[in-house]
Chemist: 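For reference, the structure I am asking about is given below.
Whatever order the structure lists them in is the order used to number ligands and atoms, beginning at 1. Basis for what follows: all heavy atoms, side chains included, without hydrogens, waters or symmetry-related copies. Start at 1 with the first residue, then count along the sequence.
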Amino acid sequence: MMSSSPYEPGRDPLSPNCNLAPITTELDAQSRLIVGGCQLSELAECYGTPLYVLDEATLRAACQSYRGALQRHYPGPSLPIYASKANSSLMMSSLVASEGFGLDVVSAGELLTALKGGVPGDCIVLHGNNKSDQELLLAYRNGVTIVADNQHDLDRLSQLVPVGADPAKLMLRFTPGIECHTHEYIRTGHLDSKFGFDPDQLESVLNQLLGCRWARLTGLHAHIGSQIFELEPHQDLADVMAGALQLARRLGHPVMDLNVGGGLGVRYVSSDDPPSIDNWVKVVAEAVNQACRSRNLDLPRLMCEPGRSLVAAAGVTLYRVGSRKTIPGLRTYLSVDGGMSDNPRPITYQSLYTACLADRPLASPDETITLVGKHCESGDVLLKDLALPYASSGDVLVVFATGAYNVSMSSNYNRIPRPAAVLVHSGHSELVQRREQPEDLLRYDVMPERFLALG
Ligand code: LLP
């Protein structure tokens, strides 16, 4: 039986996405897991479970790796942007802004979280394939760059920007026609995608925008997908985008921003081996540099939009073990007090994770179990075939690399309240998201008066 301990001392602290666990992970004298100087089982005791834990040092290390790599490998100006869909909160907005990042948002909710978290409007870009008028206006009024995804965006904006007012800052998103190997739900670069203008439309859209008073085209955008371990698609993308930049400039748009999206993969299980942040940035930066130089183009400001690779490894989720069911000769189900509502990725994408017991991470496994959540759904399986020492009711179990697309995709299925989230740093923990209570879930229910009258 293989131990699935995520405790791997000596992996790459400069590239958190290459690690299973936060970079501050260590063991105390009793071999219990510590993250950010805080003992995980104590956090579970103090804040309750399930609990999302985010390690500040890991978050900052990832930000600094992106910034440093852009400065080292790209001779022109650059701006990294955090794709806040990976994990959006006031704290995250403030933290990435303090590391010199801009922010990518896709809704009024994410935009408000960025603005209230202290990110200046001119460092925010608004994405989305079906933006509402409310979202477009909120973005426009706060000086946010709007990434036009389709003709509908342009039609609405031309109506919404008041005559004679400042033009909206606009980027154009197009599908680059690049295939990559990742789950089909998180692939976006191929032509059959709901996102972005078809490349064949680009020239006519660029012509349409020439001389228009309500928008100023500042850049071009493309994104090929997520959880990508290959580097070639990003090189191909640089070339396609430089071609589009050349076209835009030739037609008369002084476009200065080239936004190559995000997509760098992370290590969820020990067999995952993604490129480092430095390597990813190097390949992208060199490809953009070369593609621009070969076309004699002044270097644009290079923007990239990492989400997962910035936050995944910084996060762990703590659960308490509850019931067990053994079907002799078949399987043992071990249940925890959360599941698909706080981590919908396994049921949605068949994603794999790594887990261990918080206080016995190095103990040899006694059994192989199927780790399940508490939701009324047979597919509510967090991990299949997990080798664990015998776990009793009340033991704290840690699932690793849950910082990205867990809380942001969480739900209240079965009216289960969302977990609390804490930030850990140098032995201190701070609440960054309060735990929902069952009563909170009734907040938006309305009982029709007619029903009350019936008693
Ligand atoms: N930029 C754009 C326009 C995007 O659509 C995305 C992700 C990103 C940047 C960030 O990509 P990342 O660096 O995180 O790969 N819920 C899925 C992932 C969906 C990704 C959506 N777009 C999951 O849990 O795997």
Side-chain angles (χ1 to χ4, degrees), residues 15-17 59 62-63 65-66 79-88 92 96 101-107 110 124-131 145-150 153 171-176 178 180-190 193-197 219-231 233-234 237 241 257-268 272 274-275 277 280-281 284 303-315 317 340 342-353 401-411:
S15 198
N17 68 311
L59 292 169
C63 290
S65 288
Y66 269 104
L79 178 67
I81 289 182
Y82 168 53
S84 69
K85 71 204 78 182
N87 189 330
S88 168
M92 278 304 302
V96 299
F101 270 59
L103 214 109
D104 136 19
V105 300
V106 296
S107 67
E110 285 184 1
I124 302 177
V125 298
L126 172 69
H127 282 288
N129 66 302
N130 194 18
K131 304 173 189 75
T145 300
I146 296 168
V147 185
D149 206 85
N150 48 47
D153 276 344
M171 291 187 112
L172 282 186
R173 175 173 183 168
F174 67 101
T175 38
I178 290 171
C180 53
H181 297 106
T182 188
H183 194 286
E184 67 169 311
Y185 291 3
I186 52 179
R187 243 185 264 158
T188 53
H190 54 306
S193 162
K194 72 170 179 169
F195 297 107
F197 287 95
L220 298 171
H221 173 276
H223 169 76
I224 54 177
S226 199
Q227 183 61 359
I228 300 170
F229 286 13
E230 305 154 283
L231 291 168
H234 296 283
L237 176 68
M241 291 197 78
D257 287 341
L258 205 66
N259 183 341
V260 297
L264 172 60
V266 309
R267 182 173 166 96
Y268 285 111
D272 287 337
I277 292 174
W280 188 89
V281 171
V284 169
M303 295 161 95
C304 60
E305 290 174 333
R308 191 191 310 269
S309 52
L310 220 66
V311 281
T317 305
M340 60 181 282
D342 61 76
N343 184 359
R345 300 194 68 259
I347 199 169
T348 312
Y349 314 111
Q350 300 75 51
S351 310
L352 303 178
Y353 280 91
T402 57
Y405 303 112
N406 275 226
V407 62
S408 60
M409 291 177 68
S410 63
S411 76

Chemist: Gly262 to ligand 1: N or O pair under 3.5 Å?
Modeler: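 Gly262 vs ligand 1: no N/O contact under 3.5 Å.
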Chemist: Step by step, would you call Leu220 with Asp257 a side chain to side chain contact (heavy atoms under 4.5 Å, CB included)?
Modeler: CA-CA 6 Å; Leu220 298 171; Asp257 287 341; over 6 Å; no
Chemist: In ligand 1, which numbered atoms sit nearer than 4.0 Å to a non-hydrogen atom of Met409?
Modeler: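 Selected atoms, number and element: 16 (N), 24 (O).
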Chemist: Classify the contact between Asp104 and ligand 1 as side chain, backbone, both or neither, using a heavy-atom distance cut-off of under 4.0 Å.
Modeler: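 Under 4.0 Å from ligand 1, Asp104 contributes side-chain atoms alone.
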Chemist: State whether the shortest distance between N or O atoms of His127 and N or O atoms of ligand 1 falls below 3.5 angstrom.
Modeler: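 No, no N or O pair falls under 3.5 Å.
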Chemist: Is Phe195 touching ligand 1 with its side chain, its backbone, both, or neither, if touching means heavy atoms under 4.0 Å apart?
Modeler: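 The answer is neither; Phe195 stays 4.0 Å or more away.
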Chemist: Within the structure, is a non-hydrogen atom of Ala86 found at a distance of less than 4.0 Å from ligand 1?
Modeler: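 The answer is no, since Ala86 has no heavy atom less than 4.0 Å from ligand 1.
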Chemist: Can you tell me how far the CG atom of Leu310 sits from the OG atom of Ser84, to the nearest 0.5 Å?
Modeler: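 Here the interatomic distance stands at 11.0 Å.
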Chemist: Show me which atoms of ligand 1 lie under 4.0 Å from any heavy atom of Glu305.
Modeler: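 The list of qualifying atoms is 1 (N), 2 (C), 3 (C), 8 (C), 9 (C), 10 (C), 13 (O).
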Chemist: Which atoms of ligand 1 sit under 4.0 Å from any heavy atom of His221?
Modeler: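 Counting from 1, the qualifying ligand atoms are 3 (C).
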Chemist: Give the atoms of ligand 1, by number and element, whose distance to some non-hydrogen atom of Arg173 is under 4.0 Å.
Modeler: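 Counting atoms of ligand 1 from 1, those under 4.0 Å from Arg173 are 3 (C).
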Chemist: So between Gln227, Lys85, Arg308, Arg345, whose heavy atom ends up nearest atom 2 (C) of ligand 1?
Modeler: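 Among Gln227, Lys85, Arg308, Arg345, the closest heavy atom to atom 2 (C) of ligand 1 comes from Lys85.
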Chemist: Just jot down the ring pair (Phe, Tyr, Trp, His ring centres under 6.0 Å) partners of Phe197, sequence neighbours excluded, or say none.
Modeler: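 Phe197 satisfies ring pair (Phe, Tyr, Trp, His ring centres under 6.0 Å) with no residue once adjacent residues are dropped.
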Chemist: Are any of the N/O atoms on Ser309, whether in the backbone or the side chain, positioned under 3.5 angstrom from an N/O atom of ligand 1?
Modeler: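 No, no N or O pair falls under 3.5 Å.
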Chemist: State the atoms of ligand 1, each with its element, that fall below the 4.0 Å cut-off from a heavy-atom position in Ala83.
Modeler: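 In order of numbering, the contacting atoms are 8 (C), 9 (C), 10 (C).
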Chemist: Taking only heavy atoms of Pro306 into account, list the atoms of ligand 1 that are under 4.0 Å away from them.
Modeler: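 Answer, ordered by atom number: 13 (O).
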Chemist: Under the side chain to side chain contact (heavy atoms under 4.5 Å, CB included) criterion, do Cys63 and Val96 qualify, and how do the steps go?
Modeler: CA-CA 7 Å; Cys63 290; Val96 299; 4.2 Å; yes
Chemist: May I ask you to check whether Asn343 and Asn406 show a side-chain donor-acceptor distance below 3.5 Å?
Modeler: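 There is such a pair (donor and acceptor under 3.5 Å, judged by atom type) between the side chains of Asn343 and Asn406.
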Chemist: When rounded to the nearest 0.5 angstrom, what is the spacing between NE2 in His127 and CG in Asp153?
Modeler: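 If we round to the nearest 0.5 Å, His127:NE2 and Asp153:CG are 11.5 Å apart.
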Chemist: Is there a donor-acceptor pair under 3.5 Å between the side chain of Ser408 and the backbone N or O of Lys85?
Modeler: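 Confirmed, Ser408 side chain pairs with Lys85 backbone.
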Chemist: Could you check whether Tyr66 and Ser309, counting side-chain N and O atoms only, form a donor-acceptor pair closer than 3.5 Å?
Modeler: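 Yes.
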Chemist: CG of Leu352 to CZ of Arg345: how many Å apart, nearest 0.5 Å?
Modeler: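 Reported to 0.5 Å precision, the distance equals 9.5 Å.
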